Amino acid sequence: EIGAVTPLAIESVVRLYASVNALLLEVGHSLPEEGSEHYFAYHVEALTGRSFVHGELVGLGTVLLATLQHNAPERPRAILDAARVEWRPGQLGLDTDTLLSALEGLRSFARAHDLPWSIADELDLSMTAATAVQSVL
């Protein structure tokens, strides 16, 4: 439905967004919805000086970070593809060097911007970034 942009899909997305927003207001922070995949997106935008469609870049970050965590990356891939989200590096005009820089520097970026703890603080991204990037090319 989302991929087809039907009225039901639009209504569902708006309702779900409102529910998430209510939750975030209740807990007083964005941690339930924002983590390493968002930090990746912020870092890519900082590295490139470009703005992207938020869900597309966060989608790429979700697949990459799920790959690095060995956390079923095929699931977000399938969801993004079914929703017809353009999340692949080639679709976003991102090259391998930019992706590697974004992943390898993710922990430093998060610390420099005082972002809350995420898995980026735990993973040794320099050792595995190339493998993750190859998986999405």
Side-chain angles (χ1 to χ4, degrees):
E1 292 290 318
I2 291 171
V5 193
T6 66
L8 174 61
I10 292 169
E11 180 181 344
S12 296
V13 168
V14 170
R15 286 182 189 278
L16 289 169
Y17 182 77
S19 296
V20 168
N21 206 29
L23 170 67
L24 299 180
L25 289 170
E26 184 176 327
V27 298
H29 56 78
S30 63
L31 292 178
E33 72 160 356
E34 182 180 61
S36 58
E37 72 291 333
H38 278 78
Y39 303 169
F40 167 83
Y42 306 150
H43 194 201
V44 168
E45 289 183 330
L47 287 171
T48 63
R50 292 175 45 205
S51 295
F52 294 82
V53 173
H54 184 69
E56 293 174 353
L57 193 53
V58 170
L60 172 58
T62 300
V63 173
L64 286 169
L65 272 297
T67 300
L68 289 166
Q69 295 175 70
H70 306 288
N71 190 14
E74 64 281 353
R75 185 167 187 258
R77 282 175 175 267
I79 292 167
L80 291 162
D81 288 341
R84 299 184 191 157
V85 173
E86 294 186 355
W87 63 271
R88 289 177 172 76
Q91 294 170 312
L92 302 177
L94 293 170
D95 61 28
T96 300
D97 289 340
T98 301
L99 296 175
L100 287 172
S101 293
L103 288 173
E104 290 171 352
L106 189 55
R107 180 183 305 148
S108 296
F109 177 84
R111 290 307 100 238
H113 291 84
D114 199 29
L115 296 170
W117 179 93
S118 77
I119 195 66
D121 291 294
E122 299 290 322
L123 294 174
D124 182 358
L125 298 174
S126 65
M127 301 295 287
T128 55
T131 302
V133 168
Q134 285 303 313
S135 76
V136 297
L137 295 177

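These figures come from a predicted structure and were not determined experimentally.
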If you look at every heavy atom in [X] and [Y], which pair is closest and at what distance?
| X | Y | answer |
| --- | --- | --- |
| Leu100 | Ala129 | CD2-C, 3.7 Å |
| Ser36 | Ser118 | CB-OG, 3.6 Å |
| Leu47 | Thr98 | CD1-O, 4.1 Å |

So does [Y] get a backbone contact from the side chain of [X], meaning a donor-acceptor N/O pair under 3.5 Å?
| X | Y | answer |
| --- | --- | --- |
| Tyr39 | Pro116 | yes |
| Asp81 | Ala78 | no |
| Ser135 | Ala132 | yes |

Output the distance between atom [atom1] ([X]) and atom [atom2] ([Y]), rounded to the nearest 0.5 Å.
| X | Y | atom1 | atom2 | result |
| --- | --- | --- | --- | --- |
| Leu80 | Arg77 | CG | CZ | 9.5 Å |
| Thr6 | Glu11 | OG1 | CD | 9.5 Å |
| Tyr42 | Glu37 | OH | CD | 8.5 Å |
| Ser101 | Leu106 | OG | CG | 12.0 Å |

Excluding sequence neighbours, so at least two apart, what forms salt bridge (Lys or Arg N to Asp or Glu O under 4.0 Å) with Arg50?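 Arg50 satisfies salt bridge (Lys or Arg N to Asp or Glu O under 4.0 Å) with no other residue.
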Sub-4.5 Å side-chain heavy-atom contact between [X] and [Y]:
| X | Y | result |
| --- | --- | --- |
| Thr62 | Phe40 | no |
| Leu64 | Trp87 | no |
| His38 | His54 | yes |
| Leu68 | Leu103 | yes |
| Val85 | Val53 | no |
| Leu60 | Phe52 | no |
| Glu122 | Ile119 | yes |
| Val63 | Thr67 | yes |

Find out if a path of hydrophobic residues (ILVMFWY) with successive side-chain heavy-atom gaps under 4.5 Å connects Val136 to Leu57.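 Yes; tracing contacts between hydrophobic side chains, which count when under 4.5 Å, links both residues.
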Are Phe109 and Val133 grouped together when hydrophobic residues (ILVMFWY) are joined by side-chain heavy atoms under 4.5 angstrom apart?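 Linked within one cluster.
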Evaluate side chain to side chain contact (heavy atoms under 4.5 Å, CB included) for Leu23 paired with Ser19, printing each intermediate quantity in order. CA-CA 6 Å; Leu23 170 67; Ser19 296; over 6 Å; no
